[in-house]
Protein chains: 2
Amino acid sequence: MNLQQLRYVQEIARRGLNVSEAAESLHTSQPGISKQIRQLEAELGIEIFVRHGKRLVEVTEPGRQVLAIAARLLGDLDNLRQVGREFSDKTKGRLAIATTHTQARYTLPTAIQAFIAAYPGVELSLHQGNPSQICEMVLRGEADMAIATEAIADHADLLTLPCYRWNRVVVAPLGHPLLAASRLTLEDLADWPIVTYDAAFAGRSRIDHAFQARGLAPRVVLSAADSDVIKTYVRMGLGLGIVAEMAYDPVQDADLGVLDAAHLFETSVTSIGLRRNAWLRSYVYAFIEGFAPHLTRAVVERTLVGGGSAFDI
Amino acid sequence: MNLQQLRYVQEIARRGLNVSEAAESLHTSQPGISKQIRQLEAELGIEIFVRHGKRLVEVTEPGRQVLAIAARLLGDLDNLRQVGREFSDKTKGRLAIATTHTQARYTLPTAIQAFIAAYPGVELSLHQGNPSQICEMVLRGEADMAIATEAIADHADLLTLPCYRWNRVVVAPLGHPLLAASRLTLEDLADWPIVTYDAAFAGRSRIDHAFQARGLAPRVVLSAADSDVIKTYVRMGLGLGIVAEMAYDPVQDADLGVLDAAHLFETSVTSIGLRRNAWLRSYVYAFIEGFAPHLTRAVVERTLVGGGSAFDI
DNA sequence: ATTTCTTACGATCACCGTAACAATA
DNA sequence: TATTGTTACGGTGATCGTAAGAAAT
């Protein structure tokens, strides 16, 4: 049994049981992988993959167990490298954050600005995607943390650190009749065409849920992954926008009217997602605390070792 | 970086930083280990050990981190082997239980009898030791579980599953004046010579603590690791025995008088200790549930993934 | 003086890549 | 027929053990 074999198994699973693809992505030969897999199976005394003739078509039950353990083991291998980097130079390194547009554009900038000032030697990179892509990036080790609303807690292999609560606002072109309303209701909203987030994003499900609970069927004329895209189409008069409250900027969005909608929808919580059992470099703790001051190093460490995800903010 | 290097690092640390000893215990050459360690240190860019000239004298701070991660990683390697064994034959295998004399002699027998009847293909072995030795055995992978009172929760790398509560009884030769007392007090006990457990064992600390809280200094004339040894010396008239209630057998110990002492000492809890992140074979779950029926597979699994140790019994 | 780690060197063995083959869709 | 995994084989390179050397107690 060796590490290479475990990498091979993992990559085959990730590539949809295609050994040739796995070989290519690992820059090695396909027969080499094939042989190592048979060897691993022989040593463990189990079949990891179900074969139809010469084709891998499924992961066996023991194979699933092996994959789960191998993932953690290879994660620890990565942790060892992090320890090396941390102690060879605490000020140099990389920090990859996987997040959604709304976070990247509206909530992260101040934390990031402070971070790059404090850690000029750290190469920071932002990777955008929808919540499930973001989680994948962290699980694959491509990103150090995920920052998103929802979807993180769904992954059993990710640890959830709640950061802050937020709700939505309605934006409309200045002069829109709705802006005169004293207190906004869902029924008011349902009268107008709506522009809001894509299904996969930022608590769109909360919006749908609120309308459904009242038996209303809002007419969503456009959905987007991106608060700025939504506001652009609202400016064009396509409809009312429902966006995260962070996404309304009083200065830049002065040409849009805004109405609080916090009483209409359930609160959402934005969280940081970390790989379970991850070993974090000191500047990662610093970044997290900069973004959510209650997430001190001690709190995060306790959650990492405890494995628990349940605490309130 | 490879698995061998991590095994080497771990073994060197276990053998008190003696590379030669580590080489012998791993059945390999000392220069081979030495070279691999330097190679690992070079790859990680850190020193794992502090050297005085050519001698390893200490583990560095990054070294401690590496050791902790390597332990979990190698544990996962063992988990992979367990998966292999489980699925190649669910009925065959080994179960190593590390425990104290009192558990082995008085609380485990019925669970063990049921287990060997249900799993005749499983080789069961009991390894006795004091609580801290027991924990070590589990951490080193020599035993699958520890069963003991106290000391398990002290190890951060062990998971604690509380099994049952118990307290102590006082035993004395028949005819001993104390046996006539209506209700036993600590002051009564302090008047007589006492035989009880060794400091490392079975809640001896609770006994000392109770006396101290009352300003009493009991005269412990003999302390032993073993309830049977204690009873033997009580039979010889050496003093009063304070033993776990499980250790008094109404039939075999008919020649001894017994007094309940539950109101004098704090309750103790006997727990099972498991390696964190361990992957357990199905018969291990079965054994645990046989010993402590509230510890069903579902409960134990939840605790293993959650990493938490805090639940009540 | 003895124990202990490091360096040097040589042999073995495992791994990897190329090529040919077999089986599936 | 094209794609994909297995078997066969040969070369490279890493690992390991022996032997000699250096530094510490």
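In what follows, chains carry the letters A, B, and so on, assigned in the order in which the sequence lines appear, proteins first and then strands, with residues in each chain numbered from 1.
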Item checked: Under 4.0 Å protein heavy-atom contacts per nucleotide of nucleotides 14-25 of chain D, with B for base, S for backbone only and - for none -> -SSBBB-BBSBS

Checklist line | Pair listing, salt bridge (charged side-chain N to carboxylate O under 4.0 Å, His left out) test, anchored in residues 27-47 of chain A, at least two apart | finding: Glu41(A)-Arg51(A)

Item checked: Any pair counted as side-chain hydrogen bond (donor to acceptor under 3.5 Å, both in side chains), so long as it reaches residues 20-31 of chain B, sequence neighbours left out -> Glu11(B)-Ser25(B)

Check: Quick one: Met1(A) CE to dA14(C) P, roughly how many Å, whole number?
Finding: 16 Å

Next item on the list: Quickly work out the Arg38(A) CZ to dA8(D) C1' distance and round it to whole Å.
Entry: 15 Å

Notebook entry, point to check: Using a heavy-atom distance cut-off of less than 4.0 Å, which residues of residues 14-22 of chain A contact DNA chain D?
Noted result: Leu17(A), Asn18(A), Val19(A), Ser20(A)

Check: Restricting to pairs with a member in residues 73-85 of chain B, which pass salt bridge (charged side-chain N to carboxylate O under 4.0 Å, His left out), not counting sequence neighbours?
Finding: Arg72(A)-Asp76(B), Asp78(B)-Arg81(B)

Checklist line | Rounded interatomic separation in angstrom, taking CD from Glu41(A) and C1' from dG5(D) | finding: 12 Å

Margin query: Rounded to whole Å, how long is the line connecting atom CD of Glu24(A) with atom P of dG5(D)?
Written below: 12 Å

Checklist line | Listed partners of Phe115(A) passing ring pair (Phe, Tyr, Trp, His ring centres under 6.0 Å), at least two apart | finding: Tyr119(A), Phe287(A)

Next item on the list: Taking side-chain hydrogen bond (donor to acceptor under 3.5 Å, both in side chains) as the test, write out the residues that go with Gln5(A), two or more places apart.
Entry: Gln36(A)

Note to self: Just so I know, are the side chains of Arg275(B) and Asp157(B) near enough to count as touching, which here means a heavy-atom distance under 4.5 Å?
What the structure shows: no

Margin query: Tell me which pairs pass salt bridge (charged side-chain N to carboxylate O under 4.0 Å, His left out) where either residue lies in residues 123-142 of chain B, with sequence neighbours left out.
Written below: Arg94(B)-Glu123(B), Arg140(B)-Glu142(B)

Item checked: Pairs involving residues 53-62 of chain A, ordered by first then second residue, that meet side-chain hydrogen bond (donor to acceptor under 3.5 Å, both in side chains) (sequence neighbours left out) -> Glu61(A)-Arg64(A), Glu61(A)-Gln65(A)

